[in-house]
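Heads up: the structure comes next, in structure tokens.
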Amino acid sequence: NAGVTQTPKFQVLKTGQSMTLQCAQDMNHEYMSWYRQDPGMGLRLIHYSVGAGITDQGEVPNGYNVSRSTTEDFPLRLLSAAPSQTSVYFCASSYSKDRGPGELFFGEGSRLTVL
Amino acid sequence: DAKTTQPNSMESNEEEPVHLPCNHSTISGTDYIHWYRQLPSQGPEYVIHGLTSNVNNRMASLAIAEDRKSSTLILHRATLRDAAVYYCILKYSGAGSYQLTFGKGTKLSVIP
């Protein structure tokens with residue numbers, strides 16, 4: 001099993017550029033989510049999804065878009081990157097949706113730098 | 001979501017037991033206590049969770065106070081690989097709650 005796969009692992013952008021962070025899981029998990037982690041901080045939830053076609057905002061959604069067209073994939077889009085979005089991004093998935101996420105499985109992270 | 005309080009950092013000698021504390025005085029009866037850890041340059045990984053009774057698995061043990069206002073993650077023999085940031089999280093077990101709040105956690109250093 002590959003688990004949760006994130007691409008790219010590293011990316012450098014200029015202010016105003018757009019990009020998509022990819023996240024795929026092969027565990028047939030219903031719940032998927034995106035977190036960001038800044039130095040010395042815990043993880044903050046950006047967006048999450050409880051199934052194909054369903055997404056919702058987390059704690060820090062501004063500047064990010066998501067969609068969930070399939071169970072396997074949950075891409076995170078930055079439409080106009082800003083230096084404040086420099087961070088490490090983690091995708092996580094879980095098998096449960098009805099009672100909130102169960103055990104979360106995390107990807108290895110995508111380190112984004114916005115100049 | 002109910003909050004948790006953890007020490008910023010702790011140290012342990014290799015091969016000795018480690019007790020990582022977590023205070024959650026505002027926990028509700030439907031909150032599960034979850035622990036995750038994050039090794040350097042990796043994503044967090046699940047360690048253990050419990051509701052009321054103490055729990056054991058291959059990675060660790062979780063001791064929950066009788067009033068549930070605190071818990072302790074126990075690593076029975078610390079290894080260098082256990083050096084990580086440990087997060088204590090409360091997860092509401094009711095329907096419609098999908099947000100897990102990760103605080104800053106406890107950074108565990110293991111001394112050879």
Side-chain angles (χ1 to χ4, degrees), chain A residues 2-6 9-10 21 23 25 27 29-51 54-61 66 68 74 87-111, chain B residues 1-9 20 22 24 27-51 55 57-60 62 73 84-109:
Chain A
V4 178
T5 303
Q6 291 182 233
K9 286 186 170 46
F10 301 94
L21 298 177
C23 176
Q25 52 90 10
M27 297 174 281
H29 284 171
E30 294 175 318
Y31 177 90
M32 296 186 73
S33 56
W34 277 102
Y35 287 84
R36 62 176 288 175
Q37 185 173 36
D38 301 306
M41 303 282 289
L43 285 81
R44 292 183 291 171
L45 182 65
I46 304 171
H47 284 285
Y48 65 92
S49 168
V50 298
I54 305 169
T55 63
D56 208 343
Q57 297 181 350
E59 180 185 357
V60 288
V66 292
R68 185 94 179 270
F74 191 44
S87 189
V88 181
Y89 292 84
F90 290 100
C91 179
S93 72
S94 170
Y95 61 88
S96 172
K97 73 173 184 181
D98 293 329
R99 286 182 167 271
E103 173 189 343
L104 284 173
F105 293 81
F106 283 83
E108 293 186 350
S110 297
R111 184 177 294 274
Chain B
D1 287 335
K3 283 191 63 175
T4 62
T5 304
Q6 300 177 253
N8 289 334
S9 62
L20 297 162
C22 180
H24 29 78
I27 191 171
S28 75
T30 50
D31 286 338
Y32 279 81
I33 302 159
H34 282 236
W35 284 82
Y36 284 78
R37 72 178 185 181
Q38 186 173 21
L39 303 172
S41 301
Q42 293 189 26
E45 64 175 344
Y46 167 84
V47 177
I48 200 167
H49 78 278
L51 184 62
V55 184
N57 66 19
R58 63 174 180 81
M59 290 181 70
L62 177 60
L73 180 71
V85 177
Y86 287 78
Y87 299 98
C88 171
I89 300 160
L90 299 184
K91 190 176 85 67
Y92 173 59
S93 62
S97 175
Y98 303 109
Q99 301 203 24
L100 290 186
T101 301
F102 285 76
K104 295 183 181 180
T106 297
K107 183 175 183 178
L108 175 67
S109 300

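Proteins get letters first, then strands, A, B, ... in listed order; numbering begins at 1 in each. These numbers come from the heavy atoms of this one structure, side chains and all, not from hydrogens, waters or symmetry mates.
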For A:F90 versus B:G43, what's the shortest heavy-atom pair and its separation? CE2-CA, 3.3 Å
Below 4.5 Å, heavy-atom pairs only: which of A:G42, A:S33, A:G58 has the largest tally toward chain B? A:G42
Can you sort out the partners of B:T106 under side chain to side chain contact (heavy atoms under 4.5 Å, CB included), two or more places apart, ordered by chain and number? B:Q6, B:P7, B:M10, B:L20
dist A:K9:NZ -> B:S41:OG (nearest 0.5 Å) comes out at 12.5 Å
Can you tell me how far CZ of A:R44 sits from OG1 of B:T101, rounded to the nearest 0.5 angstrom? 12.0 Å
Most contacts with chain B, counted as non-hydrogen pairs under 4.5 angstrom, among A:V88, A:L43, A:L45: A:L43
I want to check something: taking the side chain as every heavy atom from C-beta on, are B:F102 and A:M41 in contact at a cut-off of under 4.5 Å? no
Within the structure provided, determine whether A:Q37 and B:Q38 are in side-chain contact (heavy-atom separation under 4.5 Å). yes
What's the separation between atom CD in A:E103 and atom NZ in B:K91, rounded to the nearest 0.5 Å? 11.0 Å
For the student: nearest non-hydrogen atoms of B:Y36 and A:L104, plus distance: OH-N, 2.8 Å
Heavy-atom neighbours of B:E45 CD exceed 12 at 6.0 Å: yes
Region of A:Y35 in contact with chain B, defined by heavy-atom distances below 4.5 Å: side chain
Heavy-atom check, side chain of B:Y46 versus side chain of A:F106, under 4.5 Å: no
